[in-house]
Amino acid sequence: MEQATVFLLVLTLALGAHGLSPKKCSLMGEWINDLGSTMKILAVNGNGDFSGTYLTAVTATTNEIKESPLQGSLQRKNQKGQPTFGFTVNWTFSDSVTVFTGQCFVDKNGKEVLKTMWLLRSHMDSIENDWKATRVGINIFTRVPS
């Protein structure tokens with residue numbers, strides 16, 4: 001009888017924990033990455049499209065850094081709360097474009113984290129210099145506290 005009681009208690013706890021919905025990760029809001037760059041993502045529409053702004057903290061150009069527009073898309077089919085996404089930043093202060101792809105995670109402490117990988121394409125004057133036109137990297141973004 002005691003074993004049955006323990007089994008029922010464990011089963012009840014397991015079923016109850018399964019019923020708890022984990023926190024969903026939302027892209028909307030203000031984010032900062034590991035290099036100090038910030039981005040603001042506005043509302044995501046029903047198709048998963050979104051826009052916002054990006055202010056980089058690092059650049060290879062000597063031009064004055066300015067806030068740049070971003071356009072993106074969120075994978076809406078995944079309803080598990082940790083969606084994949086991609087966005088493009090069209091830099092207003094240089095002739096480069098960067099594309100980001102990543103996933104929005106909720107860590108074990110309930111903190112939202114964006115894990116991203118990017119490709120930056122710079123303009124080249126000739127095809128012979130094409131080899132140095134694309135850079136690749138990763139960034140981790142965390143939500144800026146409100």
Side-chain angles (χ1 to χ4, degrees), residues 7-146:
F7 173 75
L8 288 174
L9 177 62
V10 170
L11 182 61
T12 302
L13 289 172
L15 291 174
H18 178 70
L20 296 175
S21 62
K23 182 178 177 185
K24 294 191 176 203
C25 196
S26 171
L27 288 181
M28 291 185 299
E30 190 170 348
W31 300 87
I32 188 166
N33 72 18
D34 44 320
L35 299 174
S37 299
T38 59
M39 71 174 166
K40 295 175 190 165
I41 297 179
L42 307 176
V44 178
N45 72 19
N47 293 326
D49 301 325
F50 61 88
S51 62
T53 58
Y54 197 105
L55 184 60
T56 187
V58 295
T59 185
T61 181
T62 57
N63 297 342
E64 177 189 353
I65 296 174
K66 296 179 182 176
E67 193 171 67
S68 298
L70 69 82
Q71 295 287 325
S73 184
L74 169 73
Q75 178 51 266
R76 301 296 283 184
K77 292 179 183 175
N78 175 344
Q79 298 298 312
K80 296 177 181 144
Q82 299 193 107
T84 56
F85 60 89
F87 63 89
T88 301
V89 178
N90 186 0
W91 302 109
T92 57
F93 59 90
S94 72
D95 54 1
S96 301
V97 172
T98 301
V99 292
F100 288 78
T101 187
Q103 186 168 357
C104 189
F105 289 102
V106 178
D107 71 13
K108 62 185 176 190
N109 299 317
K111 182 176 161 185
E112 294 167 301
V113 176
L114 305 180
K115 297 277 290 192
T116 66
M117 177 171 260
W118 52 264
L119 291 171
L120 179 141
R121 176 65 190 208
S122 297
H123 174 267
M124 290 293 125
D125 289 329
S126 69
I127 197 166
E128 291 78 23
N129 289 326
D130 185 63
W131 64 271
K132 63 182 178 178
T134 303
R135 297 181 183 140
V136 62
I138 59 170
N139 285 121
I140 300 169
F141 292 83
T142 55
R143 189 173 293 286
V144 173
S146 346

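Throughout, numbering of the chain's residues begins at 1 and tracks the sequence.
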Value for NE2 (H123) from OG (S94), rounded to nearest 0.5 Å, stands at 11.5 Å
So ring-ring contact (aromatic ring centres under 6.0 Å, His included) across residues 24-58, not counting sequence neighbours, yields Y54-W91, Y54-F100
Decide if atom CZ of R135 counts as having more than 12 heavy atoms of other residues, nucleotides or ligands within a radius under 6.0 Å. no
Student check: side-chain heavy atoms of V106 and Q82 closer than 4.5 Å: yes
What pairs meet the disulfide bond (SG atoms under 2.5 Å apart) rule with one or both residues in residues 81-120, with sequence neighbours excluded? C25-C104
Supply the atom-to-atom distance L70 CG to L42 CG, rounded to the nearest 0.5 angstrom. 8.0 Å
Might you work through the side chain to side chain contact (heavy atoms under 4.5 Å, CB included) test for L114 and F85, ending with a clear yes or no? CA-CA 10 Å; L114 305 180; F85 60 89; 4.0 Å; yes
Looking only at heavy atoms, what is the nearest atom pair of V89 and F87, with distance? CG2-CE1, 3.8 Å
Taking the side chain as every heavy atom from C-beta outward, state whether N139 and M39 have any pair of such atoms under 4.5 Å apart. no
First locate atom OG1 of T101, then atom CG of L119, and finally report the distance between them rounded to the nearest 0.5 Å. 9.5 Å
About how many Å separate CG of L55 and OG1 of T92, when rounded to the nearest 0.5 Å? 9.0 Å
Approximate separation, where rounding is to 0.5 Å, of L27 CG and Q103 CD: 10.5 Å
Short question: side chain of N47, backbone of D49 - any donor-acceptor pair under 3.5 Å? no
Do any N or O atoms from the side chain of N109 and from the backbone of K111 form a donor-acceptor pair under 3.5 angstrom? no
So OG1 of T84 and CG of L74: to nearest 0.5 Å the spacing works out to 7.0 Å
Which atoms form the tightest heavy-atom contact between K24 and E112, and what is the distance? O-OE2, 3.7 Å
Under a 3.5 Å distance rule, please check whether S37 uses its side chain to pair with a backbone N or O of A57 as donor and acceptor. yes
In this structure, are over 12 heavy atoms from other groups packed under 6.0 Å from I138 atom CD1? no
